[in-house]
Participant: 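Handing you this structure, nothing more for now.
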Amino acid sequence: MLLAAVAAASAEVAATRSRRAKVERIAAALTAATPAEAVVVAAYLAGELTQRRTGVGWASLRELPPPAQAPTLDVLEADRAWSAIAEVAGAGAQGERRRLLEALFARATEPEQRLLRGLALGELRQGALDALVVEGLARATDAPLAEVRRAVMLRGATPPVAEALLAEGSAALARFRLEVGRPVHPMLASTAADVAEALGKAGPAAVEEKLDGIRVQVHRRGDDIAVFTRTLDDVTSRLPEVVEAVRTLPADELVLDGEALALGADGRPRPFQETAARTGSRVDVPTARARAPLSAAFFDVLHVDGEDLLTASTAERHDRLAALAPEAMRVRRVVVTGPEDEHAAAAFSASALARGHEGVVVKALDAPYEAGRRGAAWLKVKPVHTLDLVVLAAEWGSGRRRGWLSNLHLGARGLDGGFVMLGKTFKGLTDAMLQWQTTALLELAVEQAGWGVVVRPELVVEIAFDGVQASTRYPAGMALRFARVIRHRPDKTAAEADTVDAVRAVFDRARATGESSG
DNA sequence: TTCCGACAGTGGGGTCGCAAT
DNA sequence: ATTGCGACCCCACTATCGGAA
């Protein structure tokens, strides 16, 4: 199969807004592939290379050779070329990688170059990712969608399922089971404004502490223990404390889901940045460990000694977890079965915050573990801060935001009458707001640049954020975490905006109470 | 007919390790 | 030593399609 066929399919997927039409086109491409080719085609139409990392990003793709006139690249050939690029390492690697990259792109036609570039950057922007490939795969092979989804969830990836389905048909699906040692995509939570709203959606539920660390999925088979992140990266060697903790548990085969985070000597959580630094440190783990020891707190169990628990209810899975792991290794929780318990849930949430944690996650007691899906069964609730800040500059948007000023540079009022930048945001803006602010900011522009405009600091925006974190990038030494626009405030003047001191107060309060971010 | 769940897109700050300067 | 780059941790929110109610 030629890469050109995949490039054409991708272009047609991008050309329609109808999801059903996208799925049909993906199905057609998969049908035309051999099982071996389907591995690559399924990845590419989901916008991913088969290689986890290639060392190729924006900078490497700025200048490329002119496209080939006629398509000659085979799909499997292109995949092998990326493998060769990914494997380059050591001194002189950049030059060698460059040479291989140029050789690949020189053989690609214009549509093929566009595909390869989008794949390398993870920005194919065709309006379809893995979820639609899974639908297309079910369509192409006449397999029940729910069963294909189940196989993908248990395998932790779509391409191997595509290969098996094309080679053997639906009968292959039964082979895909949870395997201890191979990670599944973790179940994700959506957001609720407050505990009452979350309980209203979830029904009878467990309310769990939300820890501000990194998600860990731990697999144990005897003495063999592996730790995976949310994106299924293997971080076993970086988190020895987690391995040691799980080794103490009384089960031979185990799959656990939880959170790892750095705690201070007082048992309170350290800022997220310290946990992230620990998880990122690979070279000298013992030193990093001595500086910021990690703890693991688990909230779910997916497998125990030969028994899969994915379809068991949240209530049952927790019972199994509680029988295995001591309280100190589990996240705190309360169970709420009716409206009369709402007060207890709110009190629990307040105590979680007082202990320095991020908030709570409300989990429906009757829900199974839906790997890889962001369903309504888990709802996170976090407190939100708001401030009135001033727009200092704005960047031109890309994609569907092309032509609109999108990303706002935010400043707080300084002591000297100037403004101090605290971060940027593009979030929370409706199309109408984008349109309005583009006009408004162009009128305030004092400098036009390729990236956007610098403006007179006059437009006030109400900004929501989760907390204030230490920053080396911004002049006040602080940056907003997860800032988003609530609304424009043209009714306010910049002199009425919040001050840097107000922001610092949030920052200092968080550090004093040990709160993770705010 | 209306509602809402699932998806994709649009980017944010911080951190590490590596290769080049 | 410093810098630029790539990869990954954390992530919020809106628009849209199409099935559910």
Side-chain angles (χ1 to χ4, degrees), chain A residues 14 16-23 46-47 52-62 86 88-97 120-132 134-135 188-191 201 212-216 229-233 235 238 259-261 271-284 288 358 370 373-376 380 382 384 395 397-402 404 406-410 422-434 464-474 478-486 516-517:
Chain A
T16 175
R17 296 211 309 198
S18 161
R19 280 178 198 159
R20 285 189 295 196
K22 288 177 193 282
V23 168
R52 192 174 173 88
R53 65 195 76 177
T54 61
V56 175
W58 273 102
S60 326
L61 293 169
R62 270 198 288 257
V88 177
Q94 295 295 49
E96 175 65 2
R97 182 175 288 131
L121 297 175
E123 294 184 355
L124 196 52
R125 290 170 160 84
Q126 57 173 12
L129 292 168
D130 187 61
L132 295 200
V134 172
E135 284 191 42
L188 306 174
S190 37
T191 308
K201 286 184 179 173
D212 192 13
I214 66 145
R215 189 81 176 264
V216 286
T229 65
R230 195 163 91 83
T231 53
L232 313 189
D233 218 19
V235 291
R238 302 181 220 169
E259 197 85 2
L261 76 168
F272 173 75
Q273 285 152 310
E274 291 183 27
T275 295
R278 252 313 299 276
T279 316
S281 297
R282 280 159 283 187
V283 171
D284 185 0
E358 238 193 325
E370 293 181 291
R373 315 204 72 177
R374 195 181 288 282
K380 56 183 162 185
K382 298 190 282 185
V384 176
E395 298 173 19
S398 64
R400 70 182 299 284
R401 291 192 177 189
R402 179 175 296 278
W404 280 335
S406 172
N407 198 8
L408 304 177
H409 296 198
L410 305 169
L422 291 162
K424 308 179 189 178
T425 186
F426 57 91
K427 293 172 183 167
L429 298 161
T430 64
D431 288 358
M433 289 163 79
L434 284 162
F465 58 101
D466 279 22
V468 181
Q469 58 191 353
S471 171
T472 53
R473 174 184 313 231
Y474 291 110
M478 305 179 292
L480 303 181
R481 195 175 184 205
F482 309 142
R484 57 269 191 189
V485 177
I486 302 290
S516 50
S517 62

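Throughout, protein chains are lettered first and strands after them, A, B, ... in sequence-line order, and every chain is numbered starting at 1. Worth knowing before you read on, the calculation uses all heavy atoms, side chains too, and leaves out hydrogens, waters and symmetry mates.
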Participant: Of the candidate nucleotides B:dG12, C:dG6, C:dC10, which contains the atom at the shortest distance from the side chain of A:A59?
Facilitator: C:dG6

Participant: Considering every strand and a 4.0 Å limit on heavy-atom distances, what is the contact class for A:A93: base, sugar-phosphate, or nothing?
Facilitator: sugar-phosphate

Participant: When the nearest nucleotide of DNA chain C is assigned to A:Q94 and to A:T191 on a heavy-atom basis, which residue is associated with the more 5' position?
Facilitator: A:Q94

Participant: Touch check for A:R125, heavy atoms < 4.0 angstrom, all strands: base, sugar-phosphate only, or nothing?
Facilitator: sugar-phosphate

Participant: Please figure out whether A:G95 or A:M478 has its closest DNA chain B nucleotide nearer the 5' end.
Facilitator: A:M478

Participant: Quick check on the helix from B:dA8-C:dT14 to B:dT21-C:dA1: what's the angle between its two end axes, five base pairs per end, to the nearest 10°?
Facilitator: 20°

Participant: Salt bridge (charged side-chain N to carboxylate O under 4.0 Å, His left out), that's the test. Do A:E395 and A:K424 meet it? Break it down for me.
Facilitator: CA-CA 10 Å; A:E395 298 173 19; A:K424 308 179 189 178; 2.9 Å; yes

Participant: So if I take every side-chain heavy atom of A:T229 and compare against C:dC9, B:dC16, C:dA12, which nucleotide ends up nearest?
Facilitator: C:dC9

Participant: Does A:R400 get its side chain close enough to the base of B:dT10, under 3.5 Å, for a donor-acceptor pair?
Facilitator: no

Participant: Which of these nucleotides, B:dC16, C:dC8, B:dT15, is closest to any side-chain atom of A:Q273?
Facilitator: B:dT15

Participant: With a 4.0 Å cut-off on heavy atoms, is A:T279 in touch with a base, just the backbone sugar-phosphate, or nothing at all?
Facilitator: nothing

Participant: From the list C:dC11, B:dG14, C:dC5, which nucleotide is the closest neighbour of the side chain of A:K427?
Facilitator: C:dC11

Participant: When all nucleic acid strands are considered with a 4.0 Å heavy-atom cut-off, which category describes A:T425: base, sugar-phosphate, or nothing?
Facilitator: nothing

Participant: A:S398 side chain: which of B:dA19, C:dG6, B:dT10 is closest?
Facilitator: B:dT10

Participant: Please tell me which of the listed nucleotides, B:dA8, B:dG17, C:dC10, lies nearest to the side chain of A:V283?
Facilitator: B:dG17

Participant: With a 4.0 Å cut-off on heavy atoms, is A:K201 in touch with a base, just the backbone sugar-phosphate, or nothing at all?
Facilitator: nothing

Participant: Once you apply a heavy-atom cut-off of 4.0 Å, does A:K22 come out as touching a base, just sugar-phosphate, or nothing?
Facilitator: nothing

Participant: Counting any heavy atom closer than 4.0 Å, what does A:R278 reach on the DNA or RNA strands: base, sugar-phosphate only, or nothing?
Facilitator: nothing

Participant: With sugar-phosphate meaning primed atoms plus P, OP1 and OP2, does A:T275 contact a base, only sugar-phosphate, or nothing at under 4.0 Å between heavy atoms?
Facilitator: nothing

Participant: Hey, does A:V56 reach any base, or is it just sugar-phosphate, or nothing, if we go heavy atoms under 4.0 Å?
Facilitator: sugar-phosphate

Participant: Just checking A:S471: base, sugar-phosphate only, or nothing, at a heavy-atom cut-off of under 4.0 Å?
Facilitator: sugar-phosphate

Participant: What's the closest nucleotide to the A:R19 side chain, out of C:dA7, B:dC7, C:dC11?
Facilitator: B:dC7

Participant: When you match A:G127 and A:A479 each to their closest nucleotide on DNA chain B, which lands nearer the 5' end?
Facilitator: A:G127

Participant: Classify the nucleic acid contact of A:A91 as base, sugar-phosphate or nothing, counting any heavy atom under 4.0 Å across all strands shown.
Facilitator: sugar-phosphate

Participant: Take A:R401 and A:A276, find for each the nucleotide of DNA chain C with the closest heavy atom, and name the residue whose nucleotide sits nearer the 5' end.
Facilitator: A:A276

Participant: Of the candidate nucleotides B:dG12, C:dG18, B:dA8, which contains the atom at the shortest distance from the side chain of A:F482?
Facilitator: B:dG12

Participant: Under 4.0 Å between any heavy atoms, over every strand shown, what does A:Q126 touch: base, sugar-phosphate, or nothing? Just pick one.
Facilitator: sugar-phosphate

Participant: Where the side chain of A:F426 is defined as all heavy atoms beyond and including C-beta, which of B:dA8, B:dG11, B:dG14 is the nearest nucleotide?
Facilitator: B:dG11

Participant: With sequence neighbours left out, write down each residue that passes side-chain hydrogen bond (donor to acceptor under 3.5 Å, both in side chains) with A:R484, or none if nothing qualifies.
Facilitator: A:D466

Participant: Among C:dA12, C:dC10, C:dT14, find the nucleotide with the atom closest to the side chain of A:R484.
Facilitator: C:dA12

